[in-house]
Amino acid sequence: MIWELPVVALRNMVIMPGVTQNIDVGRPKSKRAVDEAQGADRRVLVVTQRDATTDDPMPAELHDIGTLAVIKQVVRLPDNTYQVLVETQERVKMLEQVPGSYLRVRVETLDKQPGNPDELRVIIQETKSAFEEYQRQNKTLRLDNYQLEGIKTLSDAGTLADQIAHHATWTLEEKQAVLDAGAEQVRLTLVLQNLTRDLERFNMDKKVAGRVKEQMDANQREYYLREQMKAIGKELGGGEEGPAEVEALREKIEAAGMPDEVKEKAFKELARLERTPGGSPEGTVVRNYIDWLTDVPWSKRDEEILDIVRTRDILDADHYGLDDVKERILEFLAVRQLTHKPDEVDAEGNKKQRTAEERIEDSELRAPILCLVGPPGVGKTSLGKSIARSLNRKFVRMALGGMRDEAEIRGHRRTYIGSMPGRIIQGMKNASVVNPIMLLDEIDKMSSDWRGDPSSAMLEVLDPEQNHTFQDHYLEVPYDLSQVMFITTANSLQTIPRPLLDRMEVIQIPGYTMPEKLQIAKRYRLPRQLRGHGLEGRMEVTDAALQRIIEEYTMEAGVRNVDRMLSKLARKAARELLEKPWEGVKTVDAEQVPDYLGIPMFKPDRMEKEAQVGVAQGLAWTSVGGTMLVVEALATPGSGKIIMTGSLGDVMKESVQAAVAYLRKHATEYGADPEFYKNTDLHVHFPDGATPKDGPSAGITIATAVISAITGRPARMDIAMTGEISLRGRVLPIGGVKEKLLAAHQGGIREVIVPKDNEPNLQDLPDSIRNEMTIHTAANVGEVLERLLLAAPVQPVSPPPTLSKPASQAGASS
Ligand code: ADP
């Protein structure tokens with residue numbers, strides 16, 4: 001019989017047929033499977049993974065034979081996992097995967113293959129008595145008399161095999177083997193063999209214990225333990241640490257291609273290992289250490305392909321646009337290529353690798369380190385991957401975000417139990433070659449505290465003069481990192497420690513415009529998502545739909561959420577395809593987007609565009625890209641107090657003072673009461689008050705809001721602005737112009753004011769922005785106000801402005 005079942009993959013258990021068992025389900029796909037089953041006939045396939053460490057197993061990574069189970073109860077635990085009570089029925093074999101966003105497979109039930117009845121009877125009898133003995137001797141078995149009697153009454157060979165395998169304390173592999181084996185007779189024989197083997201082991205244990213007792217001195221506990229260990233070692237055949245094992249390690253050390261100094265150290269440790277009794281904790285520590293020494297690469301390297309044309313092709317194939325960035329990367333690689341001397345080849349054609357010292361001498365190592373800076377989701381990581389692919393080098397990524405302990409980089413000394421090398425050496429082990437590309441992600445997010453400063457260790461890692469003798473506390477021997485090519489990424493340059501920044505060649509990726517996002521979605525992300533969900537050739541998404549997804553469902557500088565939305569859409573469609581299959585190619589147009597993604601989260605036209613008193617539209621720059629920032633000011637009769645709220649930094653407070661100072665001088669020009677600073681209280685507020693904000697670039701926005709509030713002249717809200725203000729009213733240049741204008745454009749603003757001195761930056765703007773927006777420049781506040789302030793209404797003091805508005809995300813600095 002054929003079934004179609006959702007799959008719950010098991011990491012560390014094998015569930016036999018005919019049992020009732022609780023399983024913890026935490027992985028999203030498995031939870032989906034449970035949800036789906038509950039909505040249908042409650043049947044699932046429970047099947048064990050071949051490798052418990054696989055997080056998201058594909059069908060090929062699962063065992064072929066699993067168990068059909070019926071869900072009896074699901075308890076949702078507070079940590080968001082499910083505890084699922086299942087009752088298993090029969091063994092089934094997996095046939096093929098059914099497309100969809102969670103794992104679902106077709107399975108067939110397996111026929112019984114009756115064996116020779118006479119033989120079976122004997123095997124059943126023998127197995128039952130072996131199990132009774134096993135149960136008596138195995139202290140860890142949890143089985144009550146009732147269960148035992150139940151097993152003794154079984155007359156079906158298959159059921160007996162399943163029940164015993166269920167209770168026995170066997171490894172996953174052993175249990176799976178019982179599940180896998182075909183005929184009933186074979187399965188039960190396997191069970192009997194395992195039981196017999198275990199019974200022999202128990203006897204052996206007793207012998208060991210007996211021998212130890214004879215030799216034991218009652219007062220010497222430690223001595224007893226050592227003797228016990230030795231006795232076990234003897235029983236396992238041979239000396240203290242098994243000679244075969246030592247020999248294998250010796251070969252591994254010889255084969256690792258270590259420098260002499262390291263090899264010497266490794267052999268010394270090996271000698272120590274031979275002296276320590278097998279199985280002792282100390283032996284484990286030494287063994288682990290030797291394993292690490294032999295597992296990190298010492299000389300194996302990938303042959304690099306230095307071909308600028310190839311690199312360009314690969315960068316282009318993987319990434320849309322980013323022309324300047326690609327150009328800069330190619331220049332960087334070209335310089336590296338030109339300064340890179342090839343290895344010398346000797347008479348026999350063997351390559352002689354030059355030492356790090358020689359390469360330092362040639363100044364080849366002094367090349368700066370590439371640092372890709374930009375908001376999340378603009379492709380920094382994926383550019384790093386493409387560079388590695390194009391150079392034919394391995395790629396390893398290391399997240400530095402939140403790292404605050406030097407030991408994370410350099411590891412812990414071996415004296416600590418469970419100590420390990422630091423992340424750099426771990427990364428090298430993963431790379432398995434000495435010349436990978438190592439991407440150090442979010443280097444701006446490392447922090448330092450009393451545990452030590454990871455950035456100084458990072459400095460050593462990145463310094464070509466020092467990193468050929470990198471010191472890891474665990475490894476103890478120096479490790480040569482000089483052939484690694486490091487690429488770093490950051491969201492913002494501001495928090496990168498200066499000495500680190502000095503080593504880096506910074507390439508900025510500012511964020512994408514709407515048309516760029518559309519192309520990326522259309523040409524790169526959508527095809528990939530459709531393929532990944534088995535929808536290739538069955539579904540199309542129109543440009544209008546993509547545009548709507550980008551504009552109404554995401555608000556970001558990069559394309560990460562766009563990708564997420566496309567994945568959500570594909571997931572829904574995949575499910576739909578299974579439930580109500582359609583013919584040919586289905587087209588998703590803009591109107592259908594909400595069917596898949598729900599109601600839009602952002603409406604481009606939600607901005608308040610009416611001119612208002614005491615409100616001004618600013619632009620800020622944050623580490624996640626540009627953002628809109630509204631400033632509100634309220635003037636009330638009073639005694640000249642200034643109140644500021646909304647988590648303002650000092651620099652912003654100074655901007656408020658500068659605005660007031662400017663207005664005192666020019667009060668009459670703007671129709672303000674010259675005595676306003678004595679008889680008016682001023683309240684300046686930045687909505688979204690909990691987010692800390694600082695930086696000078698809100699200067700002219702603050703000035704506009706303040707002056708509008710005091711004069712009662714409404715300020716236009718359809719113009720956004722950015723610029724620092726001096727005491728005398730000059731408008732000073734600011735950073736992040738492109739990011740800010742992208743944000744304004746995305747927010748539906750089409751007119752902006754930027755400082756006159758920022759004019760050169762306008763050349764970097766994409767054409768689409770330049771053509772669609774009117775960009776004014778201003779050299780002093782007067783010009784700004786002239787454009788923004790409307791004629792004064794009758795009322796001299798402003799009505800309270802509305803305290804509303806979306807506004808910035810995390811940590812805005814303007
Ligand atoms: P970052 O490291 O900057 O946060 P990622 O490299 O993780 O960003 O990029 C997020 C996703 O967007 C990736 O799948 C990446 O391939 C894709 N992406 C970003 N920029 C582009 C681009 N210009 N062309 C094609 N895909 C892109």
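Whatever order the structure lists them in is the order used to number ligands and atoms, beginning at 1. The structure displayed is predicted, hence computed values, not measured ones.
- Using a 4.0 Å cut-off between charged nitrogen and carboxylate oxygen, Glu576 and Lys572 do not count as a salt-bridge pair.
- Those atoms of ligand 1 that come under 4.0 Å of a heavy atom in Ser382, given as number and element, are 6 (O), 15 (C), 16 (O).
- The distance from ligand 1 to the heavy atoms of Val378 drops below 4.0 Å at these ligand atoms: 3 (O), 8 (O), 19 (C), 20 (N).
- Among the atoms of Pro376, none of the N or O lies under 3.5 angstrom from an N or O of ligand 1.
- Between Tyr524 and ligand 1, no pair of N/O atoms sits closer than 3.5 Å.
- A heavy-atom separation below 4.0 Å is found between Asp318 and ligand 1.
- Taking any N or O of Leu383, backbone or side chain, none lies under 3.5 Å from an N or O belonging to ligand 1.
- Ion pair Asp502/Arg498 flagged as a salt bridge, since at least one NZ, NE, NH1 or NH2 atom sits closer than 4.0 Å to an Asp/Glu carboxylate oxygen.
- Within the 4.5 Å cutoff, the side chain of Phe486 has no heavy atoms near those of the Pro464 side chain.
- Residue Gly379 has at least one nitrogen or oxygen atom sitting less than 3.5 Å from a nitrogen or oxygen atom of ligand 1, judged on distance alone.
- At least one heavy atom of Arg525 sits closer than 4.0 Å to an atom of ligand 1.
- Closest heavy-atom approach to atom 7 (O) of ligand 1 within the set Arg564, Lys385, Arg560: this belongs to Arg560.
- The option from Thr489, Thr381, Asp563, Ile520 that lies nearest to atom 27 (C) of ligand 1, judged by heavy atoms, is Ile520.
- Residue Val559 places a heavy atom under 4.0 Å from ligand 1.
- Geometrically, ligand 1 and Lys380 share a nitrogen or oxygen pair separated by less than 3.5 Å.
- Of the residues Glu442, Arg423, Gln426, the one that meets the side chain to side chain contact (heavy atoms under 4.5 Å, CB included) test with Met398 is Arg423.
- With Ile437 as reference, Leu391 is the one residue of Val484, Leu391, Val396, Leu370 to meet the side chain to side chain contact (heavy atoms under 4.5 Å, CB included) rule.
- Under the 4.0 angstrom criterion for non-hydrogen atoms, Gly321 is not in contact with ligand 1.
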